[in-house]
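What follows is a single structure, written as structure tokens, with notes after it.
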Amino acid sequence: MHWSKLFIPTLRENPAEAEVVSHQLLLRAGYIRQLSAGIYSYLFLAQRSLRKIEQIVREEMDAIGAQEMLLPALHPAELWQESGRWGVMGDNMFRLKDRWGRDHCLGMTHEEVMTAIARGEMRSYKQLPQLWYQIQNKFRDEPRPKSGLLRVRQFLMKDSYSFDIDAAGLDVSYQKHHRAYGRIFQRCGLDYIVVEAHSGAMGGSQSHEFMVVSDAGEDFVAICKSCGYSANLEKAVSRPSAPQAADPVGNLTPEEFHTPGRKTIADVAAFTNLPETSQMKSLVMVADGKGVLALLRGDHQLSETKFASAVGASEVRPAHPEEMRKWLGADAGSLGPVGVNGLRVVADCALEGRRNMIAGANRDDHHLRNVTPGEDFQAEFHDLRQAAVGDGCATCGAPLDLRKTVEVGHIFKLGYKYSESMGLRVLNAEGAEVPVIMGSYGIGIERILSAAVEQRHDADGMALPAAIAPFVVVVTPVNSGEPAQRRAAEEIYQTCLALGLDALLDDRDERPGVKFKDADLVGIPFRITVGKKLAQGIVELVERHGKKLTEVPVAEAAAAVKSRVSELAT
RNA sequence: CGGGGCGUAGCGCAGCCUGGUAGCGCACCUGCCUUGGGCGCAGGGGGUCCGCGGUUCAAAUCCGCGCGCCCCGACCA
């Protein structure tokens with residue numbers, strides 16, 4: 001294509017609203033324009049790039065035997081009421097009524113629709129397994145859309161669903177996806193990691209996330225470089241660091257002391273001259289409407305996700321000040337586990353075996369010393385704390401690393417959640433009717449593009465991997481006023497096309513600087529520059545990523561790009 | 001849902017405090033010139049100053065209400 005005919009509205013300056021690099025560059029390079037908060041138009045360049053990503057996804061999904069479909073984005077409420085998710089999705093679901101006043105929603109995901117199709121048609125285990133997928137818009141009314149295409153309200157997702165007769169079959173479907181996802185992200189040129197994940201509102205047992213390390217991300221993952229353990233922070237387990245001071249020995253009895261105005265762990269630590277690791281942190285939580293006291297070591301943070309699964313609750317929140325006073329008789333800052341009754345008490349494992357610690361006395365401005373779990377109060381021990389820098393790997397003990405990441409893919413074993421609630425059953429070999437076991441697997445298409453930009457950019461713009469760049473090569477005559485340069489450029493461009501390269505001819509009547517800047521900004525992986533040395537039959541080949549420049553004979557330029565591209569693809 | 005910031009030409013911003021002709025850079029159009037990293041010169045077009053209401057002889061500017069967007073936190077299949 002000829003650049004002069006295309007709509008590629010590049011900007012010299014960064015739009016003020018863009019904070020993260022991928023957002024800035026996608027706007028500046030003319031890929032996208034914002035329509036509203038978290039809603040973007042994909043212009044020509046973005047569309048080309050996204051289609052290449054989709055194509056890679058399709059090829060790899062097809063390769064594991066998945067069948068592509070396209071389901072509606074508009075769903076009747078009844079479907080979501082059946083699965084029970086109409087009630088739990090809350091404000092994140094876009095809801096609307098049709099002219100008859102019937103409730104509908106825009107699909108946030110498609111378990112319900114897929115299950116509805118399957119239950120209408122599947123009768124026998126002989127029809128299983130099935131792998132179905134689509135690439136479709138998803139709608140989520142995010143409380144805070146942000147970071148360009150990283151958190152938006154309308155986005156493309158490849159979602160697939162597996163239907164199997166038993167857990168062993170689900171394992172196979174899950175593993176197929178695991179491997180296909182690896183190939184997809186690798187072909188897209190992403191440096192990714194796979195981590196154990198929490199399965200959240202989707203329900204289900206096993207789950208992995210595919211993450212790209214980037215400060216623009218929103219998820220933290222814990223990684224052990226020594227044994228390879230890696231997990232989302234919501235789920236990561238760790239060995240706590242050793243307490244900074246040894247516990248006092250002996251069978252001491254709790255003893256109240258006055259702590260005027262000392263509300264925080266740090267205050268009490270300073271006041272008692274004992275480190276935070278000797279303090280007991282007491283958090284009053286409300287889990288599905290019931291009060292629960294959660295205990296942690298003073299320097300640890302509660303993981304609400306772990307807490308929710310430990311107490312088996314679907315909704316948890318910190319208690320309000322009135323609730324704390326009602327249940328424990330004191331304000332936050334003076335709460336503790338001794339003498340508590342009527343509340344369930346759960347404690348983090350890091351407190352197990354500790355002795356004679358400091359805790360709140362459930363009397364304002366008073367604390368207790370010599371509090372020993374199991375003796376001075378009873379508690380259920382669970383892993384409740386968030387893994388932190390300085391913790392050891394639970395598997396091998398080496399120090400854990402925490403990294404910020406962008407989630408580009410997620411695979412789930414759903415189990416029987418939807419087949420049971422929605423009645424998807426088949427006859428097994430014994431003639432008994434059994435529910436089908438399901439899995440669900442997602443990839444964020446735009447996130448692949450954003451993550452690639454986050455991972456591969458420099459001061460001049462994007463340096464996209466050739467596999468997902470909107471064009472592979474741009475042919476740039478330095479001086480378009482020179483007929484010889486123009487002719488040579490056109491010829492090289494035609495040769496590129498003939499070799500099957502996605503080529504672009506920068507035929508604009510612009511100064512060379514403008515053309516170079518634009519090509520760099522847009523991130524075209526290769527540029528063939530036709531300039532002064534044309535007289536000697538030489539043109540330049542510049543690789544965007546790394547800015548490597550080589551001189552090649554005119555006749556070989558296109559082929560040189562072609563062979564470099566195939567090198568990169570392997 | 002809590003906290004903060006912003007809204008003036010396509011983009012980036014000044015002007016607002018202290019009310020009185022709406023401005024700068026880039027982009028755009030015309031002509032000349034130039035052609036290896038966002039040239040140069042000359043001329044030109046483009047504004048509901050987010051909206052509504054109020055104060056005032058007079059509002060981009062002061063006051064009130066609303067809307068939108070961004071950031072931090074909460075939340076997040």
Side-chain angles (χ1 to χ4, degrees), chain A residues 7 9-20 23-24 27-30 33-40 80 83 85 88-93 105 107-112 138-148 150-153 155 157 159 161 197-204 207 209 216-219 232 234 304-305 308 315-318 320 407 409-412 414 417-418 439-444 459-461 476-482 485-486 506 508-522 527 529-534 539-540 542 547 549:
Chain A
F7 181 60
T10 58
L11 302 172
R12 189 181 291 219
E13 283 164 300
N14 269 328
E17 74 264 18
E19 193 82 1
V20 304
H23 190 197
Q24 293 175 341
L27 283 168
R28 278 192 58 206
R33 287 294 182 261
Q34 180 172 335
L35 187 59
S36 162
I39 304 182
Y40 287 85
W80 287 76
S83 71
R85 291 208 293 180
V88 304
M89 286 309 192
D91 291 337
N92 260 24
M93 183 180 248
C105 64
M108 308 174 66
T109 171
H110 283 76
E111 281 78 10
E112 280 80 0
K138 295 287 185 279
F139 298 88
R140 293 182 192 175
D141 197 358
E142 291 289 342
R144 187 148 97 80
K146 60 173 190 172
S147 306
L150 285 175
R151 180 159 294 275
V152 289
R153 298 197 292 172
F155 59 98
M157 184 191 272
D159 48 322
Y161 305 84
H198 173 74
S199 25
M202 297 290 300
S207 168
E209 287 169 328
E218 307 183 276
D219 286 304
N232 193 303
E234 292 178 329
E304 287 200 13
T305 318
E315 214 173 311
V316 302
R317 63 167 170 86
H320 301 138
E407 175 189 353
H410 201 160
I411 57 180
F412 285 96
L414 290 176
K417 180 178 160 90
Y418 298 92
S440 133
Y441 318 86
I443 288 181
D460 291 315
T476 307
V478 168
N479 183 350
S480 39
E482 290 272 342
Q485 284 188 17
R486 251 198 346 250
D506 196 348
R508 292 176 299 168
D509 185 19
E510 290 283 359
R511 295 179 59 83
V514 172
K515 291 187 271 197
F516 296 157
K517 286 285 185 195
D518 273 346
D520 286 352
L521 179 60
V522 161
R527 187 180 78 219
T529 310
V530 182
K532 287 191 291 258
K533 291 202 175 162
L534 178 64
V539 294
E540 282 167 9
V542 186
K547 296 274 179 74
L549 186 151

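Proteins come first, then strands; the chains are lettered A, B, ... in the order of their sequence lines, and each starts at number 1. Below, each value reflects all heavy atoms present in this structure, side chains not excepted, and no hydrogens, waters or symmetry copies.
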Partners meeting salt bridge (charged side-chain N to carboxylate O under 4.0 Å, His left out) with A:R486 (sequence neighbours left out): none
Side chain of A:K517 - closest among B:G38, B:G36, B:C69: B:G38
Are there any protein N/O atoms within less than 3.5 Å of an N/O atom in nucleotides 8-16 of chain B, and if so, which ones and at what distance?
from  : atom 1 : to    : atom 2 : distance (Å)
B:G12 : OP1    : A:A16 : N      : 2.6

Please list, for nucleotides 30-34 of chain B, all pairs of protein and nucleotide N/O atoms separated by less than 3.5 Å.
from  : atom 1 : to     : atom 2 : distance (Å)
B:U34 : O2     : A:R511 : NH1    : 3.0

Separation of atom CZ in A:R317 from atom P in B:C76, rounded to whole Å: 14 Å
Of the listed nucleotides B:G38, B:G37, B:U35, the one nearest the side chain of A:D520: B:G37
Of the listed nucleotides B:C70, B:C75, B:C72, the one nearest the side chain of A:P143: B:C75
Set of residues satisfying side chain to side chain donor-acceptor pair (under 3.5 Å) with respect to A:E234, sequence neighbours excluded: none
Short side-chain N/O contact from A:T529 to OP1 or OP2 of B:G36, under 4.0 Å: no
Salt bridge (charged side-chain N to carboxylate O under 4.0 Å, His left out) involving A:E218 - partner list, sequence neighbours excluded: A:K146, A:R151
Listed partners of A:S480 passing side chain to side chain donor-acceptor pair (under 3.5 Å), at least two apart: none
Lys/Arg-Asp/Glu bridge criterion (N-O < 4.0 Å) met for A:K138, A:D159: yes
All side chain to side chain donor-acceptor pair (under 3.5 Å) counterparts of A:Q34, not counting sequence neighbours: A:Y40
5' precedence on RNA chain B between A:M157 and A:G481 (nearest-nucleotide basis): A:G481
For A:R511, all residues meeting side chain to side chain donor-acceptor pair (under 3.5 Å), sequence neighbours excluded: none
Sugar-phosphate only, base, or nothing, as touched by A:S36 at under 4.0 Å among non-hydrogen atoms: sugar-phosphate
Phosphate-side-chain proximity, A:Q485 and B:U35, N/O vs OP1/OP2 below 4.0 Å: no
Set of residues satisfying salt bridge (charged side-chain N to carboxylate O under 4.0 Å, His left out) with respect to A:R28, sequence neighbours excluded: none
